[in-house]
Structures are given as structure tokens and as C-alpha cells.
Amino acid sequence: MRRCVLTALLAFLFVWPAAAQEREQIVRIPGPGGANLIATVLRPPGETRQPLVVINHGSPADGSKRATMERPRYAALSSWFLERGYVVALPLRRGYGDSGGSWAEGYGTCNAPDYFRAGLQSADDIQATIDYMRGQPYVAADRTIVVGQSAGGWATIALSSRNPPGVSGLVNFAGGRGGHQKLPGGEIGNCTPTALVDAAAKYGATARVPMLWIYAENDSFFEPALAKRMVEAYDRAGGQATFKPLGAFGRDGHGLAGAANGAATWSPLIEGFLGRLN
């Protein structure tokens with residue numbers, strides 16, 4: 001019994017200091033057009049300059065919920081990067097939650113969506129976050145990774161088309177726009193999926209930074225065949241994406257990036273991707 005208690009105590013003492021030194025703060029980031037973006041910043045232990053990862057949220061299918069969105073956490077993803085020495089920034093883009101301001105990511109009508117422009121608007125907010133964070137004394141300016149989920153994944157694809165300096169790799173979880181919408185026939189589905197494929201090709205035409213695209217088989221927003229069409233169009237145009245289709249995850253694979261139990265699925269993929277960048 002005494003040995004068990006001692007083992008537990010030693011384990012506690014080993015883990016606690018790292019957890020205690022993790023630092024969280026809320027910052028206001030100057031955004032496009034004078035907007036202020038609210039972001040959560042998590043720092044690993046230590047005072048040396050550390051690499052940066054910017055994790056980007058999705059957008060609710062019901063637009064009325066944008067204004068009440070809470071700051072994203074992506075707890076498993078954030079912890080994974082923190083454990084590997086990354087500073088983690090999780091911004092709220094314009095028009096979401098406490099960031100307020102005018103929502104800039106609208107793509108127009110369901111039958112004629114402009115997904116290309118919408119993605120670039122979102123990418124502007126990611127770039128503003130990167131620029132701000134690189135000015136912090138604890139961030140290594142030339143070692144940045146960008147990760148996004150759903151609309152944030154689409155924003156990450158859009159950002160790749162600009163080959164942002166200092167960004168060595170990007171990860172897209174279930175990226176796209178126009179999912180879970182009421183279609184003209186009354187059914188729920190994706191607005192003009194061919195427009196997503198065309199926009200992906202336009203991004204890929206100028207993108208040269210390595211990307212990892214992750215989609216689950218049971219993604220209710222962007223099904224596997226559509227994801228495959230998008231990445232093929234992106235790569236055919238000149239993009240550098242690695243497509244990793246997965247089996248079914250949970251009740252809806254679209255939520256993989258934010259799931260508490262998702263790390264076992266995506267961790268080997270991201271670990272391998274980052275290893276190939278170095």
C-alpha cells in the first residue's frame with residue numbers, strides 16, 4: 001500500500017509542474033478593416049521562443065448562432081501541440097462571438113456561391129493572427145503551422161494559396177463551406193458542391209506549402225467523394241496536399257478535430273506530416 005501511495009505521489013509531482021506552468025491569456029488582435037479579433041493564447045513552459053500553431057474554428061450551419069459562439073478550445077488538439085512545445089493561438093474571426101464586427105465570410109446564394117472569395121476573407125483573419133503572434137517575444141517567427149476545421153479548414157486551404165511566409169505546413173480537418181443547408185428541393189445538403197471543387201482548384205493554382213487534408217467517412221457536411229474531388233482539383237492545379245481519408249468516427253466524423261477522444265485517430269497523421277516538414 002505504501003509503495004502504491006508513493007508511486008502515485010511521484011506521478012503527481014512529475015505531471016503537476018508542467019500543467020501549472022501552462023499559461024493562458026485572452027488577447028485582442030488587430031484584424032482587417034479595424035476589427036478586433038478575440039483569441040485565446042496558450043503557452044507551454046519556458047521562456048525561449050517557441051513555434052506557433054494557429055487553430056481555426058468552423059461556422060455554425062445556423063447563422064443566428066454566430067454572434068453567441070464561445071471562444072474555441074479544441075482541447076485535445078491544443079494539448080497535443082502544447083506538449084510538443086508550440087504556442088497555441090485560437091482566434092475568433094470577425095462576426096463570431098466576442099470578436100463582433102461584420103461577418104465577412106458570406107458566400108452568397110446557395111445556387112451560385114462564391115466560396116473562393118469567402119475563404120480568402122477568412123484567411124485574412126488567420127493572417128492577422130499570425131502577424132500579431134509573430135510580434136510576441138515568445139514566438140519563433142519562422143516556425144508556424146496552421147490548422148483549421150470545417151469553415152476554418154476551408155480558410156486554411158484559402159490561406160495556402162498565398163504561401164504565407166514562415167508557415168511551413170497546414171492541416172485541414174473536414175474543410176469546406178455550404179454544408180448542412182436547406183436546398184431548393186427542401187432537403188438538407190451541400191450548396192453547389194461543384195463550386196467547392198472549382199474554388200479548391202483556384203487555391204491550388206498558387207499554393208505551394210505542404211498541406212494535410214483529413215476527412216472521415218461519416219462526415220455529414222462533406223462526404224468522402226466530394227472531399228476526394230476537392231483535393232484532386234487542388235493538387236492537379238499545382239497544390240501540395242496529402243489526402244488522408246479515414247473510416248467512420250463517432251456519430252459524425254465532421255467533429256473529429258474537436259472530439260476529446262479524437263487524438264488516437266489524427267495524432268499519427270499529424271505527427272508523420274510534421275516529421276516530413278523537418
- Task: Could you tell me the separation between the CG atom of Asp142 and the OG atom of Ser168, rounded to the nearest 0.5 Å?
- Result: 9.0 Å
- What are the two closest heavy atoms between Leu82 and Pro44, and how far apart are they? CD2-N, 3.6 Å
- Ignoring hydrogens and angles, tell me if any N or O in the side chain of Arg93 forms a donor-acceptor pair with the backbone of His57 under 3.5 Å. yes
- Query: Do the ring centers of Phe116 and Tyr203 come within less than 6.0 Å of each other?
  - Reply: yes
- Task: Without swapping roles, check the side chain of Asn56 against the backbone of Val147 for a donor-acceptor pair under 3.5 Å.
- Result: yes
- With the side chain counted from C-beta on, respond yes when Trp213 and Tyr234 share a heavy-atom pair under 4.5 Å apart, and no when they do not. yes
- Task: Locate the shortest heavy-atom distance separating Val54 from Ile130; write the atom from each residue and the value.
- Result: CG2-CG1, 4.0 Å
- Stepwise side-chain contact (heavy atoms from CB on, under 4.5 Å) test for Gln127 and Asp131: CA-CA 6 Å; Gln127 187 64 61; Asp131 293 343; 2.9 Å; yes
- Note on the structure: Separation between CZ (Phe249) and CD1 (Ile214), nearest 0.5 Å, reads 11.5 Å
- Note on the structure: CE of Met230 to CZ of Phe243, rounded to nearest 0.5 Å, is 8.0 Å
- Closest non-hydrogen contact found for Thr192 with Cys110 is OG1-O, 2.6 Å
- Query: Does a side chain donor of either Asn172 or Tyr215 reach within less than 3.5 Å of an acceptor in the other side chain?
  - Reply: yes
- Query: Gln149 side chain to His254 main-chain N or O, any donor-acceptor pair under 3.5 Å?
  - Reply: yes
- Query: According to a 4.5 Å side-chain heavy-atom criterion applied to Ile, Leu, Val, Met, Phe, Trp and Tyr, with indirect links allowed, do Tyr74 and Leu52 form part of one hydrophobic cluster?
  - Reply: no
- Sidechain-backbone polar pair: Gln136 side chain, Val139 backbone, donor-acceptor under 3.5 Å: no
- Are side-chain heavy atoms of Thr129 and Leu37 found at a separation under 4.5 Å? yes
- Does any N or O in the side chain of Ser122 come within less than 3.5 Å of the main-chain N or O of Ala118, such that one atom is a donor and the other an acceptor? yes
- Ser161 side chain vs Ala207 backbone, donor-acceptor pair below 3.5 Å: no
- Between Ser220 and Asp252, a side-chain donor and acceptor under 3.5 Å: yes
- Query: Hey, are the side chains of Leu274 and Arg84 touching, using non-hydrogen atoms and a 4.5 Å cut-off?
  - Reply: no
- Task: Flag yes if more than 12 heavy atoms outside Arg28 fall under 6.0 Å of its CZ atom; otherwise flag no.
- Result: no
- Query: Is there a path of hydrophobic side-chain contacts, each under 4.5 Å between heavy atoms of I, L, V, M, F, W or Y residues, that connects Val197 with Met211?
  - Reply: yes
- Item | Joint hydrophobic cluster, Leu212 plus Leu277, side-chain heavy atoms closer than 4.5 Å | yes
- Item | Shortest non-hydrogen contact from Ser78 toward Ile55 | OG-CD1, 4.0 Å
- Message: Please determine whether salt bridge (Lys or Arg N to Asp or Glu O under 4.0 Å) holds for the pair Glu47 and Arg23, giving the CA-CA distance in whole Å, both sets of side-chain angles, and the decisive distance to 0.1 Å.
- Response: CA-CA 11 Å; Glu47 297 302 325; Arg23 290 153 291 183; 2.8 Å; yes
- Judged by atom type as modelled, is there a donor-acceptor pair below 3.5 Å linking the side chain of Asn163 to the main-chain atoms of Thr206? yes
- Message: Please determine whether side-chain contact (heavy atoms from CB on, under 4.5 Å) holds for the pair Lys244 and Phe273, giving the CA-CA distance in whole Å, both sets of side-chain angles, and the decisive distance to 0.1 Å.
- Response: CA-CA 11 Å; Lys244 291 294 184 180; Phe273 175 69; over 6 Å; no
- Gap separating the CG atom of Leu159 from the CG atom of Leu120, nearest 0.5 angstrom: 9.5 Å
- Item | N/O donor-acceptor pair under 3.5 Å between Ser79 side chain and Ala76 backbone | no
- Message: Test of understanding: clusters of I, L, V, M, F, W, Y form through side-chain heavy atoms closer than 4.5 Å, transitively. Do Phe173 and Phe221 belong to the same one?
- Response: no
- Before giving the answer on side-chain contact (heavy atoms from CB on, under 4.5 Å), spell out for Ile145 and Leu170 the whole-Å C-alpha distance, their side-chain angles and the decisive distance to 0.1 Å. CA-CA 6 Å; Ile145 299 295; Leu170 309 99; over 6 Å; no
- If we only count heavy atoms from C-beta on, is the Glu217 to Pro245 side-chain gap below 4.5 Å? no
- Message: Within this structure, what is the CG-CG distance for the pair Leu256 and Leu77, rounded to the nearest 0.5 Å?
- Response: 8.5 Å
- Message: One thing to verify: whether Glu24 and Arg73 come together as a salt bridge, which I'm taking to mean a side-chain N less than 4.0 angstrom from a carboxylate O.
- Response: yes
- Is Tyr86 linked to Val167 within one hydrophobic cluster, defined over Ile, Leu, Val, Met, Phe, Trp and Tyr using a side-chain heavy-atom separation of less than 4.5 Å? no
- Query: Quick one: are Val87 and Leu42 in side-chain contact, heavy atoms under 4.5 Å?
  - Reply: no
- Item | Over 12 non-hydrogen atoms of neighbours within 6.0 angstrom of CD in Gln25 | yes
- Any donor-acceptor pair under 3.5 Å linking the side chain of Asn218 with the backbone of Gly250? yes
- Among side-chain atoms of Tyr96 and Trp103, is any donor-acceptor pair under 3.5 angstrom? yes
- Message: Please enumerate all residues that pass salt bridge (charged side-chain N to carboxylate O under 4.0 Å, His left out) together with Asp124, with sequence neighbours excluded.
- Response: Arg162
- Can you find a heavy atom in the side chain of Leu246 that is under 4.5 Å from one in the side chain of Leu269? yes
- Task: State, with a plain yes or no, whether a side-chain heavy atom of Thr156 is found less than 4.5 Å away from one of Ile126.
- Result: yes
- Between Arg94 and Glu105, is the closest basic N to carboxylate O distance under 4.0 Å? no
- In Å and rounded to the nearest 0.5 Å, what is the CG to CG distance from Leu92 to Asp125? 10.0 Å
- After noting the C-alpha distance and the side-chain angles of Thr109 and Cys191, does the key distance pass the side-chain contact (heavy atoms from CB on, under 4.5 Å) rule? CA-CA 9 Å; Thr109 62; Cys191 291; over 6 Å; no
- Are Arg43 and Tyr138 in a cation-pi contact, defined as NZ or CZ under 6.0 Å from the six-membered ring centre and within 45° of the axis? yes
- Task: Specify the closest pair of heavy atoms between Ala199 and Tyr115, including all atoms of both residues, with the distance to one decimal.
- Result: CB-CB, 4.2 Å
- Message: Test your reading of the model: is there a side-chain donor-acceptor pair from Trp266 to the backbone of Gly262, 3.5 Å cut-off?
- Response: yes
- Note on the structure: Closest heavy-atom pair, Ser267 versus Trp80, reported as atoms and distance to 0.1 Å, is OG-NE1, 2.8 Å
- With the side chain counted from C-beta on, respond yes when Val231 and Thr242 share a heavy-atom pair under 4.5 Å apart, and no when they do not. no
